> 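One structure follows; several queries about it will come next.
Just so it is clear, the structure is predicted and the values come from calculations on it, not from any experiment. Chain identifiers are assigned alphabetically (A, B, ...) following the order of the sequence lines, protein sequences preceding nucleic acid strands; residue numbering begins at 1 within each chain.
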Amino acid sequence: MYSEKVMDHFTNPRNVGELEKPSGVGEVGNTTCGDIMRMYIVVKDDVITDVKFKTFGCGAAIATSSMVTELVKGKTVEEALKITNKAVAEALDGLPPAKMHCSNLAADALHKAIEDYQAKQAS
Amino acid sequence: MYSEKVMDHFTNPRNVGELEKPSGVGEVGNTTCGDIMRMYIVVKDDVITDVKFKTFGCGAAIATSSMVTELVKGKTVEEALKITNKAVAEALDGLPPAKMHCSNLAADALHKAIEDYQAKQAS
Amino acid sequence: MRKVYLDHSATTPVHSEVVKTINYYLTEAWGNPSSIHSVGRRAKKGLEEAREKVAAVIGAKPEEITFTSGGTESDNMAIIGGAYARQKKGNHLITTQVEHHAVLDSFKNLEKNGFEVTYLPVDEEGLISVDEFRESIKDSTILVSMMHVNNEIGTIQPIEEVGAITKEKGILFHVDAVQSYGKIPVDVNKLNVDMLTASSHKIYGPKGSGCLYIRKGVRIPSFTHGGAQEKKRRPGTENMPGIVGFGKAAEIVGQELESEMKRLTALRDKLTKGIEENISDIRINGHRTKRLPGNVNISFRYIEGESLLLSLDMKGVAASSGSACTSGSLDPSHVLLAIGLSHEIAHGSLRMTLGRDNTEEDIDYVLKVLPEIVTRLRSMSPLYQRKEACQQKECYEHVQ
Amino acid sequence: MRKVYLDHSATTPVHSEVVKTINYYLTEAWGNPSSIHSVGRRAKKGLEEAREKVAAVIGAKPEEITFTSGGTESDNMAIIGGAYARQKKGNHLITTQVEHHAVLDSFKNLEKNGFEVTYLPVDEEGLISVDEFRESIKDSTILVSMMHVNNEIGTIQPIEEVGAITKEKGILFHVDAVQSYGKIPVDVNKLNVDMLTASSHKIYGPKGSGCLYIRKGVRIPSFTHGGAQEKKRRPGTENMPGIVGFGKAAEIVGQELESEMKRLTALRDKLTKGIEENISDIRINGHRTKRLPGNVNISFRYIEGESLLLSLDMKGVAASSGSACTSGSLDPSHVLLAIGLSHEIAHGSLRMTLGRDNTEEDIDYVLKVLPEIVTRLRSMSPLYQRKEACQQKECYEHVQ
Ligand SMILES: Cc1ncc(COP(=O)(O)O)c(C=O)c1O
Ligand SMILES: Cc1ncc(COP(=O)(O)O)c(C=O)c1O
């Protein structure tokens, strides 16, 4: 069902947890559909220096959350905004078709965290 | 499917053949339904002293023909008329339900041979 | 690593004696039972022996058993066939909200074709109300279909009481006994059922084989059209390996029924108690006592079922869940929603169904690994995080 | 006593490699392919490998294969499903008079429900006329179903020509390939078929397993209602032993197709020639060359088929007949009547169908025992007696 990479990220998820003083926080999903992802970022000089997540959801939800944190660390905000859900799935060697829509939302959570950061900057 | 007795009478049918000068001949069935039985009898002093048959038909048709010839030999005409298809089937330890109607006609052929004999007597 | 299979309601390992029987009919008696030569007659004998064995478990006559390709087909045949057979008398049908999809989707199909269906609700423990059932009957009611044991939560419905009512009113009564046949006592006469579904692969027989019990005198249209097999009720060359395997399996579960019920009830209660004592924020689903001996169904708040299953699987434990991610649809199990669970809690459900291969040590092992897994997944969950935050601040309003 | 099985069109012995495969899925990989744990995933893998193997034999894509409980179900699903799927376009259907009962009875069912069916006749050798077929097409024609190889007389229909016409006219085309799949070349693209039926137990696989090829893009209603198996086209827990056995069998017959065709054609012709040379008053049924390699069908005048079969069986030879006594109905085979045989001659038919286990010695043995049996049965037959009497007196008019 899942690729080895998905199972690796599900079993040993990178960057699980919270950040004490995040620059931005983003959350997507709800309990009705069965997936909730919460993403925390720290941005310094326009670069994402730290990122953590908490996820309620299936194997794909946890693995995509973990993968997006790996992909984004050290990237500029602009680069981070270009990371798509599809790119995350590809980095995991693909997801089962049924999971492509419902559990592949980690990039969205990241983007929301960035929006939150940008909103705070603007205010 | 068939009882051992049926298979025995099918494999080693008794009294197959024709009689040169029969007292009566009876035939039932037709090729459309797939069974034809022809019965020859010799009657002496109201007793059936000899009987032969020829049958085109399935295992049950051949076995019932054979069995009826065994049952009837040495019987008086009156006794012979009392032999039923059912009695023939019972003497063979039964027949499969599907065969009870279509192939269990040997007693009818016998009765027709007796009728033929009686008609000849009367004329 | 220890392997613990706790998914016997999904399917069972095939009993070694069943494998032997199947092999005999694959290698020695492989004929077509419709052939009149000796090769065929040998197969025919096996077919009819299997029919006797399958019938014996439920107190039926062999000629009342029609072999099918499994529980799904039997359910379809009984419900759709039964409805059309009686459509001149009325168009109202009754079932429950917690049936298997094979039953529910048969009714959905009938609804599209002009039938009216009442789906009886269930209480928090999954039981229908007999009074409510009685009240739902109309003059136009022609067929009732109700499952005996629920496949998810294990609740046992009051089939005997329902059967007494349908018998009195002359309404056709079908029971989906896929999860009770061979597991708890089932007697078609005591229960007053007209048709009953059983499936081989839930009782240590092969998959793709089942039967429909049809009481003598009850007429329904044939399910397939073709040859003369199964008295023309179910044409098609018989699934000989499936049928003889089902027969052997039925024989064995029939013999072991009483002792297995006792043994599995004890294991089930040990597992349930162990979880209750060691893990917080859980909900036991289904009735506590009117329950299949081997069924444990528990919801773990703040975590999702598929993650739980995958984590258990990596520890060698096979189970299942009513989570949407494993149900093949977007919603979590309709059964868990019907007993009143919220989506979130339904998503976090775990079903462990025990069988003849399970031991005390298996249960000990699960009780060791499960709490660790739950803790780990909760530590990753934003819902659990919020709950804890809230408890510190006493701000329950944020808890979803 | 020598055992010679000559009834391969009824069913085949299960190949030893197939038995091995089935055993692996009964004892090692017995999981439910819908389960997400490793036990289930192992079964799922076997399921999908089998699908690839079954598809490969006919040049199909794996996702175009839906597994079913056998040829009968596939025929029902394709014909009844296909008719209802297209009923908005018309209500006229075309098939032939010589189809298997699984096809004919599906059409009979549709006729009862308002569809109009043309049953194409066949010539003396069992062939339909392509011109007649073309002329039978109406504006309202929505579906054509035609068998590839006739199961009784072995005649091969001009499917490719028919397929070219249905494709041009946009008519759904189903082929019952139960007797051709794995025995002669079958390519769904070359033949232009939309749906195609195959059955496992005719190719050394287990009974109770088959498939329906459904061309990508063709939509028909699901056959059963329930779970998500087979992409919801055919819900119900998969018949794993049946499916993996079918897959393995397909793989083997695919590899051996060419060599077996050659070998069986030679054996068939030897058997036919031997009978022609040694027994009088016979009729060879079916086409001489457009014929299944392993099929011999001969009518022996003046004797009845069941007696012939039983007599052969006692000599260790298993065969079949189109006699009413063995057809399960009151009439002899509809196929033999359709090619113009009288009832009498149809009753005396014998079908011998060869397979991979048959040898030259088997044929020699049959050629030794068969003439003796025919002579013995004819000596008991009142029809033969009459014929001889007539020939002496030259009174042919009495011969029926
Ligand atoms: C209650 C119930 N009904 C019907 C079925 C369907 O049976 P099968 O898997 O044999 O198609 C199942 C099993 O999945 C079941 O649990
Ligand atoms: C031409 C044909 N179609 C359909 C069938 C039915 O297939 P099954 O026996 O798998 O139901 C058969 C076999 O009996 C057949 O020969």
> Go through D:His15, D:His100, D:Glu238, D:Lys3 and name the one with the most non-hydrogen pairs under 4.5 angstrom from chain C.
D:Glu238
> How would you list, in number order, the residues of residues 66-73 of chain D that have a heavy atom less than 4.5 Å from chain C?
D:Ser69, D:Thr72, D:Glu73
> So which part of D:Ala319 gets closer than 4.5 Å to some heavy atom of chain C, the side chain, the backbone, both or neither?
backbone
> Could you go through C:Tyr204 and D:Trp30, starting from their C-alpha distance and side-chain angles, then the distance that decides it, and tell me whether this counts as side-chain contact (heavy atoms from CB on, under 4.5 Å)?
CA-CA 10 Å; C:Tyr204 313 99; D:Trp30 48 264; over 6 Å; no
> Drop me the distance from C:Lys207's NZ to D:Leu47's CG, to the nearest 0.5 angstrom.
11.5 Å
> At a heavy-atom separation under 4.5 Å, does D:Lys20 approach chain C through its side chain, its backbone, both, or neither?
neither
> Which bit of D:Ile80 comes within less than 4.5 Å of chain C, counting heavy atoms only: side chain, backbone, both or neither?
side chain
> Kindly check if the number of other-residue, nucleotide or ligand heavy atoms within 6.0 Å of NZ (D:Lys45) is above 12?
no
> Among D:Leu310, D:Val317, D:Thr237, D:Asp75, single out the residue with the greatest number of heavy-atom pairs under 4.5 Å to chain C.
D:Thr237
> Counting only heavy atoms closer than 4.5 Å, note whether D:Ser35 contacts chain C via side chain, backbone, both or neither.
side chain
> Of all of C:Pro206, C:Gly227, C:Pro13, which one pairs up most often with chain D through heavy atoms under 4.5 Å apart?
C:Pro13
> Between D:Val19, D:Val103, D:Asn239, D:Val39, which residue shows the highest count of heavy-atom pairs closer than 4.5 Å to chain C?
D:Asn239
> Rounded to the nearest 0.5 Å, how far apart are NE2 of C:His101 and CD of D:Gln229?
10.5 Å
> To the closest 0.5 Å, what do you measure between OG (C:Ser38) and CG (D:Leu312)?
11.5 Å
> Please look at D:Pro241 and chain C and tell me whether the side chain, the backbone, both or neither of the residue comes under 4.5 angstrom of a heavy atom of that chain.
side chain
> Quick check on the interface: out of D:Asn76, D:Ile79, D:Val18, D:Thr11, who has the most heavy-atom pairs with chain C under 4.5 Å?
D:Asn76
> Against chain D, work out which of C:Ala318, C:Ser209, C:Ala43, C:Ser200 has the most heavy-atom pairs shorter than 4.5 Å and name it.
C:Ala318
> Please look at D:Tyr5 and chain C and tell me whether the side chain, the backbone, both or neither of the residue comes under 4.5 angstrom of a heavy atom of that chain.
side chain
> Which bit of D:Ile22 comes within less than 4.5 Å of chain C, counting heavy atoms only: side chain, backbone, both or neither?
side chain
> In this structure, which one of C:Leu26, C:Asn23, C:Thr27 forms a side-chain contact (heavy atoms from CB on, under 4.5 Å) with D:Val14?
C:Leu26
> Under a 4.5 Å heavy-atom cut-off, does chain D meet the side chain of C:Thr12, its backbone, both or neither?
backbone
> How long is the gap from CZ on D:Phe107 to NE2 on C:His225, to the nearest 0.5 Å?
12.0 Å
> Out of curiosity, C:Asp7 CG to D:Asn32 CG, how far, rounded to the nearest 0.5 Å?
7.5 Å
> Measure the CG-CD1 distance between D:Asp313 and C:Ile36 for me, rounded to the nearest 0.5 Å.
7.5 Å
